[in-house]
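Remarks on the structure that follows.
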Amino acid sequence: MGHSLVYHTTEGDYNAYGSLNRVEESLVPAGFSRCNSCYLVNLRYVKRIDGFTAFIGSEEEAIAISHAKKKDFLKALNEYIGAGNIYVL
């Protein structure tokens, strides 16, 4: 929201100030992909995709995938998995 960022981690949530676009630049090489205008997702924690919803983490939190971002998000996920980055949570 605005320039307030919230990092949701397995250790808890952390607030920061910044630009999601700038954060995206540094996190994409680390296995993150943007699924809509509000979220960057660590591809390691994607459990499944159902239509325009990504289910994240062991609790399978539902995150919407926008129509505009779906193709790029699925491409990034497929490349991530294809590189041997498969984890079981």
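Note that the coordinates shown come from a computational prediction; the quantities given were computed from them, not determined experimentally. We count residues from 1, following the sequence as given.
For the pair F73 and V46, the minimum side-chain heavy-atom distance is below 4.5 Å. Side-chain contact between Y14 and L5 is absent, with no heavy atoms from C-beta onward closer than 4.5 Å.
Remark: the backbone N or O of Y17 is not paired with any side-chain donor or acceptor of H3 at under 3.5 angstrom.
Atom OG of residue S33 and atom CG of residue L77 lie 8.0 Å apart, to the nearest 0.5 angstrom. For the atom pair F32 CZ and L27 CG, the distance stands at 5.0 Å (nearest 0.5 Å).
Under the side-chain contact (heavy atoms from CB on, under 4.5 Å) criterion, S26 pairs with no residue, sequence neighbours left out. In terms of the side-chain contact (heavy atoms from CB on, under 4.5 Å) criterion, residue partners of A62 (sequence neighbours excluded) are, by chain and number, T53, F55. Contacts of N36 classified as side-chain contact (heavy atoms from CB on, under 4.5 Å), with partners at least two apart in sequence or in another chain: C38, Y39, I63, A64, S66. Looking at residues two or more places apart in sequence or on another chain, you find a side chain to side chain donor-acceptor pair (under 3.5 Å) between N21 and R34. Residues that satisfy the salt bridge (Lys or Arg N to Asp or Glu O under 4.0 Å) test with E61, not counting sequence neighbours, are absent from this structure. Partners of K70 according to the side-chain contact (heavy atoms from CB on, under 4.5 Å) rule, which considers only residues two or more places apart in sequence or in another chain, are F52, I65, L74.
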Checking Y7 against N15 for the side chain to side chain contact (heavy atoms under 4.5 Å, CB included) test, could you report, in this order, the C-alpha distance in whole Å, the side-chain angles of both residues, the deciding distance, and whether it holds?
CA-CA 6 Å; Y7 293 86; N15 296 309; over 6 Å; no

Under the side chain to side chain contact (heavy atoms under 4.5 Å, CB included) criterion, do V6 and H8 qualify, and how do the steps go?
CA-CA 6 Å; V6 179; H8 301 280; 3.6 Å; yes

